[in-house]
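Bear in mind the structure is a predicted one, so any value in this text is a computation, not a measurement.
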Amino acid sequence: MVRGIIAPTYFWPGATGVPDGWSRVILAATYVSTVLLNPDSGPGQQQIQEFVDITRQSQAAGLKVLGYVDSSYGSRAISDVLSDIDTYSSWYQVDGFFIDDMYILVKNSSLYANESVARTQLIFNPGAPDVPEAYLPLADTFVSFEGSATSYQSFQPAAYTNNYTASKFWHIVYDCNSNATINATLQQFTNQTAEFLYLTDLGLPNPYNNLPSIDTWAQLLSYMANV
């Protein structure tokens with residue numbers, strides 16, 4: 001089974017880490033297929049040149065760049081969601097979209113009629129377990145697990161999971177803060193029908209404000225190189 005990394009790069013290029021997180025992701029493009037662009041919990045109020053530049057650098061390295069859009073479980077007006085999508089397309093020429101907390105939003109067909117969405121890669125994060133199987137054709141990939149390393153050990157995928165290719169599922173695991181938890185997470189992932197993994201030693205309240213530590217990132221890349 002092919003395995004790979006999708007990286008939630010929710011931080012400014014060059015702002016954190018030595019080397020910075022975006023540079024480390026680009027250097028790991030052999031194993032990272034996709035990154036998520038998130039200037040300000042969405043595209044923000046103005047185009048930011050640093051994000052234009054890092055989008056181009058990432059795409060030149062062969063990465064797909066998806067714009068982060070929060071749907072707030074359908075509480076945001078669909079017009080606002082579509083506005084974010086169009087803004088990403090205009091300002092950053094992204095390759096697709098990551099729709100967060102979309103458990104209710106998927107019922108709104110106007111999302112899929114949008115030209116920017118129709119021709120791009122889509123990842124959905126339901127923000128809730130047990131996504132109805134009928135939703136699965138609506139996106140290329142779903143986050144089917146997001147939680148701590150401890151909770152991942154008891155994770156049981158939905159019964160329908162094995163009816164689909166592994167590329168339909170992405171697991172995100174945080175609080176992998178020791179070699180033991182990293183190894184246990186990788187072993188659990190090996191046994192799952194899921195192509196994509198992101199693990200980090202960072203934890204709540206925000207495990208996505210940087211890449212994992214250099215050592216943890218290196219262990220994840222080593223796993224991908226040998227799996």
- prompt: Would you say the side chains of Ser90 and Thr87 form a donor-acceptor pair under 3.5 Å?
  reply: no
If only atom types and distance count, is the side chain of Thr55 paired as donor or acceptor with the main-chain N or O of Phe51 below 3.5 Å?
yes
Stepwise side chain to side chain contact (heavy atoms under 4.5 Å, CB included) check, Val35 with Leu66 | CA-CA 6 Å; Val35 294; Leu66 274 57; over 6 Å; no
**Request:** Using distance alone, with no hydrogens and no angle criterion, decide if Gln59 and Asp95 have a side-chain donor and acceptor under 3.5 Å apart.
**Result:** yes
message: Quick check: do Ile214 and Arg24 have side-chain heavy atoms less than 4.5 Å from each other?
response: yes
| Counting only N and O atoms by type, is there a donor-acceptor contact under 3.5 Å from the side chain of Asp40 to the main-chain atoms of Pro43? | no
Would you call Phe142 and Tyr135 a side-chain contact if the rule is heavy atoms closer than 4.5 Å? yes
Item to complete: Begin with the C-alpha distance, continue with both residues' side-chain angles, and end with the deciding distance and a verdict on side chain to side chain contact (heavy atoms under 4.5 Å, CB included) for Leu199 and Thr216.
Response: CA-CA 8 Å; Leu199 68 77; Thr216 300; 3.5 Å; yes
Distance only, no hydrogens: is a donor on one side chain within 3.5 Å (strictly under) of an acceptor on the other, for Asp101 and Ser71?
no
Distance-only donor-acceptor check, side chains Asn125 and Asp100, under 3.5 Å = yes
- Query: Does the side chain of Phe124 reach to within under 4.5 Å of the side chain of Val143, using non-hydrogen atoms?
  - Reply: no
Answer with yes or no whether the side chains of Asp80 and Ser83 bring together a donor and an acceptor at under 3.5 Å.
no
**Joint cluster assignment, Val25 & Leu202, ILVMFWY side-chain distance < 4.5 Å** = no
Of all heavy-atom pairs linking Phe196 and Ile5, the shortest is CD2-N, 4.4 Å
I'd like to know if the side chain of Asp201 reaches the main chain of Ser213, judged simply by a donor and an acceptor atom lying under 3.5 Å from each other, with no hydrogens or angles considered. yes
In short, Ser89 meets Phe97 closest at the heavy-atom pair OG-CZ, 3.4 Å
On a heavy-atom basis, the closest approach of Ser33 and Ile6 is OG-CG1, 3.9 Å
key: Hydrophobic cluster identity match, Val2 and Phe189, side-chain contacts under 4.5 Å   = no
Taken to the nearest 0.5 Å, the spacing of Thr185 OG1 from Asn183 CG works out to 8.5 Å
| message | Determine whether a donor-acceptor pair (N or O, by modelled atom type, separation under 3.5 Å) exists between the side chain of Ser58 and the backbone of Ile54. | response | yes
- [ ] Would you sort out whether Leu37 and Tyr92 count as a side chain to side chain contact (heavy atoms under 4.5 Å, CB included), showing the intermediate values?
- [x] CA-CA 9 Å; Leu37 188 72; Tyr92 299 109; 3.7 Å; yes
With sequence neighbours left out, the residues meeting ring-ring contact (aromatic ring centres under 6.0 Å, His included) with Tyr68 are Tyr10, Phe98
Shortest non-hydrogen pair, Ala149 vs Cys176, comes out as CB-SG, 3.9 Å
Evaluate the criterion side chain to side chain contact (heavy atoms under 4.5 Å, CB included) for residue pair Leu138 and Leu122; output intermediate values, then yes/no. CA-CA 8 Å; Leu138 299 176; Leu122 275 180; over 6 Å; no
| Taking Gln153 for the side chain and Ala184 for the main chain, is one N or O donor matched with an acceptor at less than 3.5 Å? | yes
Rounded to the nearest 0.5 angstrom, the CD-CZ distance for Glu146 and Phe155 is 12.0 Å
When you compare the side chains of Glu133 and Tyr164, does any donor N or O come within less than 3.5 Å of an acceptor on the partner? yes
Contacts of Asp175 meeting salt bridge (charged side-chain N to carboxylate O under 4.0 Å, His left out) (sequence neighbours excluded), chain-then-number -> none
What one should report as the nearest heavy-atom pair of Tyr198 and Ala7 is CD1-CA, 4.0 Å
| message | With a 4.0 Å cut-off on N to O distance, would you call Arg76 and Asp84 a salt bridge? | response | yes
*Ile172 side chain near Tyr208 side chain, heavy-atom distance below 4.5 Å*: yes
Sub-4.5 Å side-chain heavy-atom contact between Gln192 and Tyr152:
yes
Value for CD1 (Ile123) from NZ (Lys64), rounded to nearest 0.5 Å, stands at 11.5 Å
Check your understanding: Under 4.5 Å between any side-chain heavy atoms of Phe145 and Ser151, yes or no?
Key -> yes
Can you tell me if Lys168 uses its side chain to pair, donor with acceptor, with the backbone of Thr193 under 3.5 Å?
no
query: Under 3.5 Å, is there a donor-acceptor pair between the side chain of Gln47 and the main chain of Trp91?
result: yes
Val81 and Val69 have their tightest heavy-atom pair at CG1-CG1, 3.8 Å
Within the side chain of Ser178, is there an N or O that forms a donor-acceptor pair under 3.5 Å with the backbone of Thr181?
-> yes
- prompt: Tell me, do Leu186 and Leu197 make a side-chain contact under 4.5 Å, heavy atoms counted?
  reply: yes
Which donor-acceptor pairs under 3.5 Å do side chains of residues 217-227 form with protein atoms, sequence neighbours excluded?
residue	atom	partner	partner atom	Å
Gln219	NE2	Asn179	OD1	3.2
Tyr223	OH	Thr190	OG1	2.8
Asn226	ND2	Ser222	O	2.7

- [ ] Determine yes or no for a side-chain-to-main-chain donor-acceptor pair under 3.5 angstrom, with Asp20 supplying the side chain and Trp22 the backbone.
- [x] yes
Distance-only donor-acceptor check, side chains Thr150 and Ser148, under 3.5 Å: no
Could you tell me whether the side chains of Gln49 and Asp53 share a donor-acceptor contact shorter than 3.5 Å?
yes
Item checked: Side-chain (Ser144) to main-chain (Phe169) donor-acceptor, under 3.5 angstrom -> no
dist Asn209:CG -> Trp12:CH2 (nearest 0.5 Å) comes out at 15.0 Å
